[in-house]
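Inspection log for the structure reproduced underneath, given as C-alpha cells.
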Amino acid sequence: MSELSNLPSQQDAIVAALALYPARPFAVSDIGSQTGWLKAAGHDPRNLYVSGPMGLATSVALGLAAVRPNEQVLAIAGDGALAMNLTSLATIAGAKPSNLSILLVDNRVYEFTASVPTPTKDLDWLAVGRAFFGEAQCLRLSELTAERWAGVERPAMIVADVAPAPGKPPALGMTPAMIRAEFLGAARR
Amino acid sequence: MAEAASGGDRLFRSIAAAKPKLVTGVPDGMLARTIMLCEASPDFPYIACAREEECIGVACGAAMAGERAIVMVQNAGLLNSLGAFATMGLRYGLPIVVIVTNRGALADPNGYDIEKREAFDAGVRPMARVFDFDAGDLPDDLIPAAFKWAEAARKPVILALEKRLGAEAAA
C-alpha cells in the first residue's frame, strides 16, 4: 500500500472513476462517506444516494443494472461498507450483469464514525475482487485509463486506496423525496 | 378434468400477471416451485441473492428506476433485512412487493420456526402493512392487486403466506 500522504482523496478517486466512462454512468453510493463525496464530486441526476444500511449500494446497483441493461452502473462502496455486504459480491458474480461495476474506496476507517479503523484495514481487496470476478475484472484505479476500462468485461471491480479525510464531506442537503424524484426522472429518460 | 395447479404454480402465474421487471429472492421450501418457474421465465430476470437483505436492495434499485420488483423470502429472512426495508423501502416510499413465507403456523409447527413467527409478528407488523394468505389457496390477482395497493400507498407491501389446517399442500 502506498504512503497515506500520497494517496488521492475519496472525492478525487470518485471523479477519476467516473471519468473512465465515455458517458456518465448511473452512480449508486453507499450511505455516509460515499454519498457525501459523490455529491461533493459533482451532483448529477444519475446519482442515486442510498440511505439504506451500510453496504447496500452494491445490491441496489445490481437491481438498477438489471432493469436498465443498456446503461452502465457504478456502485461506490467504502471498505467498511462493502465488508457489511460482502455476500453481494457472490450474488453479482452469479448474476453476471454485463453493465455493473464496483468502485471500492479503501480508506481503512469508518469515516463517519470518528474514523474508527475497519476490521478489513489489512485486507487485500484486489485479491477479494479477483476471487469473485476474475483477475482481469478487478483492477486498481491507478492502473486504469478510459481506453483500458472500456475493454474490461463486466461485472468488474475497481480498487482505489484513498487517504482518510480530515473531516466529513458536506451534508447531502436532499430529502428522500427529492432524491427519488430526481433519480426517477433520470432513470426514465 | 384438468389437474388443479399447485400453490407454487398459482403464485408464479400471479407474479407473471403483474409484469414485474425483476424478481429476487432467497429460497424457502414453500417458495421453491415458484422460484424455479421464475428462473425459467423469459419475461423477467430472477436474481438469486446470497442473503435476504440484498434482495431488498436489489428490489429497491429497480423500484428507484420506476420498475416493478418482487422479493421472495422466508419470515426469518425478512427479519434479517428490516434495516434495509426501513431505510430504503419505507424511507423512499418504494412500492415493492415482498412475498414472505410465514413459517411456524399452526399447520407448520417446526420447532425451529416458532420464534421466527413470533418475531415477525412483533417486529414486522408494527412497521409495515402485512396482508395474510393461505399459501394453498392464493387469489389469481394477488400480485397485481398488491402492486396496485403499494403504488397507491407509495410504500412496500408484505404478503405473508402460511400453511393452514385443512388446506392443500402449498408448494
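Lettering follows sequence order; numbering is per chain, from 1. Excluded from the calculations below are hydrogen atoms, water molecules and symmetry mates; all remaining heavy atoms, backbone and side chain alike, are included.
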Using every non-hydrogen atom in the two residues, find where A:T91 and B:A48 come nearest and quote the distance to one decimal. CG2-O, 3.5 Å
Membership question, hydrophobic clusters at under 4.5 Å side-chain separation (ILVMFWY): are B:M88 and A:M54 in the same one? no
Contact summary for A:P53 and B:G83, nearest pair of heavy atoms: CG-C, 3.7 Å
Under 4.5 Å from a heavy atom of chain B, the part of A:M84 involved: backbone
Residues, nucleotides or ligands: over 12 heavy atoms within 6.0 Å of B:L106 CG: no
Determine whether more than 12 heavy atoms belonging to other residues, nucleotides or ligands lie under 6.0 Å from atom NZ of B:K21. no
Evaluate whether atom CD of A:E135 has more than 12 neighbouring non-hydrogen atoms of other residues, nucleotides or ligands under 6.0 angstrom away. no
Would the number of heavy atoms belonging to other residues, nucleotides or ligands and lying under 6.0 Å from CD of A:E143 be above 12? yes
What is the minimum heavy-atom distance between B:L22 and A:A66, and which atoms define it? CD1-CB, 3.6 Å
Taking side chain as everything from C-beta outward and backbone as N, CA, C, O, which of these in A:L184 sits under 4.5 Å from a heavy atom of chain B? Side chain, backbone, both or neither. both
So which residue, A:V28, A:L64, A:V73, ends up with the most heavy-atom pairs under 4.5 Å with chain B? A:L64
Counting only non-hydrogen atoms closer than 4.5 Å, does B:A59 touch chain A with its backbone (N, CA, C, O), its side chain (CB onward), both, or neither? neither
Please find the pair of heavy atoms, one from A:I179 and one from B:Y92, that lie closest to each other, and give the distance. CD1-OH, 3.8 Å
Is the count of non-hydrogen atoms from other residues, nucleotides or ligands lying under 6.0 Å from B:R125 atom CZ greater than 12? yes
Should A:L104 and A:Y21 be counted in the same cluster of Ile, Leu, Val, Met, Phe, Trp and Tyr side chains packed under 4.5 Å apart? yes
Enclosure of A:R24 CZ (heavy-atom neighbours >12, cutoff 6.0 Å): yes
Decide whether A:L126 and A:I92 are clustered together by the hydrophobic rule: side chain heavy atoms of Ile, Leu, Val, Met, Phe, Trp, Tyr closer than 4.5 Å, transitively. yes
Is there a path of hydrophobic side-chain contacts, each under 4.5 Å between heavy atoms, that joins A:I31 and A:V105? no
Give a yes or no on whether the backbone of B:G93 and the side-chain of A:R180 come within a donor-acceptor separation of less than 3.5 Å. yes
Taking side chain as everything from C-beta outward and backbone as N, CA, C, O, which of these in B:A84 sits under 4.5 Å from a heavy atom of chain A? Side chain, backbone, both or neither. both
Heavy-atom pair count under 4.5 Å with chain A, highest-scoring of B:A63, B:G89, B:A50, B:A62: B:A62
So for B:E54, is it side chain, backbone, both, or neither that comes closer than 4.5 Å to the heavy atoms of chain A? both
Is there a side-chain contact between B:E53 and A:T87, using heavy atoms and a 4.5 Å cut-off? no
Given the options B:C49, B:C60, B:C55, which has more heavy-atom pairs under 4.5 Å with chain A than any of the others? B:C49
Does any heavy atom of chain B fall under 4.5 Å from the side chain of A:R188, the backbone, both, or neither of them? side chain
